[in-house]
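Single-structure report; data block below.
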Amino acid sequence: MIKVGILGVGTVGTSVAKILKDNADVISARAGREIVVKSGVVKNLAKDRGLDIIITDNVDDVLDDSEIDIVVELMGGVEEPYAVVKKALQNGKAVVTANKALLAYHRYELQDLAKTQAFEYEAAVAGGIPIITALRDGLSANHIESMMGILNGTCNYMMTKMANEGVAYDAILKEAQELGYAEADPTFDVGGFDAAHKLLILASIAYGIDAKPEDILIEGIENVSSADVEFAKEFGYAIKLLGIAKKDGNEVELRVHACLISKDEMIAKIDGVMNGVSVVGDKVGETLYYGAGAGGDATASAVIANIIDIARAGKSSPMLGFDRPMEGKLTLKSTDKIESKYYLRINVTDKAGVLAKITKIFETNNISVETMIQKSTTDTTANLLISTHKAVEKDIQAMMSELEALDFVNSKPVMIRIV
Ligand code: HSE
């Protein structure tokens with residue numbers, strides 16, 4: 001029999017304990033033995049979780065319990081869970097975590113600490129979708145050429161509702177929070193950080209890249225407005241928050257930001273709270289993974305898959321899937337060098353000569369316009385909605401600063417990259 005201790009018995013932890021009971025028939029058959037939750041750690045002892053397990057508010061009751069084989073970390077945060085899982089490993093426990101922020105900062109130290117002990121984290125990226133197993137094991141014969149993912153259900157839910165129902169940003173965010181999709185601090189969702197944590201984990205498995213969130217381009221969906229949604233519709237695009245990884249020679253580009261993406265792309269059709277990841281391998285071609293990226297039962301499904309794997313084998317694959325450098329030395333591409341097509345929304349005072357001055361600034365920054373429309377916002381102001389041909393990030397950023405400084409530009413111009 002395998003005994004599990006759960007650190008953080010919230011929505012996901014409760015689902016883990018319940019599913020281990022509800023599906024005990026298939027789980028024990030697949031694991032080759034019975035798996036039971038012995039104890040759980042909570043902050044608030046007074047709240048009844050309706051579970052038949054020992055509940056404590058002291059993590060050491062689990063970490064120092066010699067009967068516990070697997071510690072499941074669902075606490076959230078970074079440094080506190082890091083200290084806790086470190087102690088769990090030192091005490092000889094296998095660890096399963098759903099904590100993407102912990103891994104975004106400490107995955108390499110944890111790999112070193114775990115060595116031959118099991119340390120699994122399927123639920124940390126895209127909830128119930130088995131993307132870690134797919135990438136680490138199923139696609140392990142391939143050089144990974146690119147990955148593109150809808151990795152945050154809250155943002156995807158919000159973008160879908162804005163596009164389909166024209167609901168205002170604040171109202172949808174509130175709804176996503178009430179439905180339990182959003183992080184405790186929703187800026188992690190709408191600011192792109194949650195998706196970036198997940199992208200960094202995938203990039204380590206695919207490329208061995210050791211980057212922190214501070215090292216990569218992270219933008220959220222806060223500036224996307226109904227004017228952009230209308231432009232997107234008119235020109236056949238969806239707007240999505242995407243995590244993008246792309247190999248270019250010995251460099252890898254990693255970025256998270258809102259994107260205009262052709263409605264014909266498969267990933268553009270992933271709507272609502274669902275997540276999706278496209279992975280292109282040099283031998284397999286494009287593969288696509290779709291499913292629930294948030295929610296108690298879906299996330300618990302991935303946590304339990306790891307528990308079963310550990311119960312079966314005692315030790316699963318190396319944590320990040322490799323134990324020597326891959327493909328020589330791949331390095332992170334500098335953000336300045338990223339190339340893309342861009343969409344810009346510039347609110348201007350509507351008077352003679354404005355367009356000429358703006359297009360001159362495009363020219364001096366080496367940016368070529370592909371489409372342009374003007375839509376009045378008041379009697380005296382208008383939005384210029386412009387898409388560009390392929391340009392370099394550094395040039396776009398320089399141009400944006402110049403545009404912002406013009407006296408007839410009424411607010412900071414908004415830029416969305418086109419995939
Ligand atoms: N807040 C996350 C999301 C939950 O919206 O996708 C899963 O990590």
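Numbering of ligands and ligand atoms starts at 1, following listing order.
Side chain of K341 to backbone of V419: no donor-acceptor contact under 3.5 angstrom is found.
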Validation: residues 152-159 side-chain donor-acceptor distances under 3.5 Å, sequence neighbours left out:
{"unit_1": "N152", "atom_1": "OD1", "unit_2": "T154", "atom_2": "N", "d": "3.2"}
{"unit_1": "N152", "atom_1": "OD1", "unit_2": "C155", "atom_2": "N", "d": "2.8"}
{"unit_1": "N152", "atom_1": "ND2", "unit_2": "D189", "atom_2": "OD1", "d": "2.7"}
{"unit_1": "N152", "atom_1": "ND2", "unit_2": "D194", "atom_2": "OD2", "d": "2.8"}
{"unit_1": "T154", "atom_1": "OG1", "unit_2": "Y181", "atom_2": "O", "d": "3.3"}
{"unit_1": "T154", "atom_1": "OG1", "unit_2": "A182", "atom_2": "N", "d": "3.4"}
{"unit_1": "N156", "atom_1": "OD1", "unit_2": "K240", "atom_2": "NZ", "d": "3.2"}
{"unit_1": "N156", "atom_1": "ND2", "unit_2": "I270", "atom_2": "O", "d": "3.0"}
{"unit_1": "N156", "atom_1": "ND2", "unit_2": "G272", "atom_2": "O", "d": "3.0"}
{"unit_1": "N156", "atom_1": "ND2", "unit_2": "M274", "atom_2": "O", "d": "3.3"}
{"unit_1": "Y157", "atom_1": "OH", "unit_2": "E175", "atom_2": "OE2", "d": "2.4"}

Less than 3.5 Å apart, which donor and acceptor atoms pair up between the side chains of residues 293-303 and the rest of the protein, not counting sequence neighbours?
{"unit_1": "D297", "atom_1": "OD1", "unit_2": "S15", "atom_2": "OG", "d": "2.7"}
{"unit_1": "T299", "atom_1": "OG1", "unit_2": "G295", "atom_2": "O", "d": "2.7"}

Which atom pairs, donor and acceptor, lie under 3.5 Å between side-chain atoms of residues 214-223 and protein residues at least two apart or in another chain?
{"unit_1": "E214", "atom_1": "OE2", "unit_2": "Y105", "atom_2": "OH", "d": "2.7"}
{"unit_1": "D215", "atom_1": "OD2", "unit_2": "K212", "atom_2": "N", "d": "2.7"}
{"unit_1": "E219", "atom_1": "OE1", "unit_2": "R417", "atom_2": "NH1", "d": "3.0"}
{"unit_1": "E219", "atom_1": "OE2", "unit_2": "R417", "atom_2": "NH2", "d": "3.0"}

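With respect to K333 and E253, a salt bridge is recorded, a charged nitrogen being found less than 4.0 Å from a carboxylate O. K3 has no carboxylate O lying under 4.0 Å from a charged side-chain N of D65, or vice versa, which leaves the two without a salt bridge.
Using a 4.0 Å heavy-atom criterion, the residues that approach ligand 1 are K100, N152, G153, T154, Y181, A182, E183, D189, D194, K198, G293, A294.
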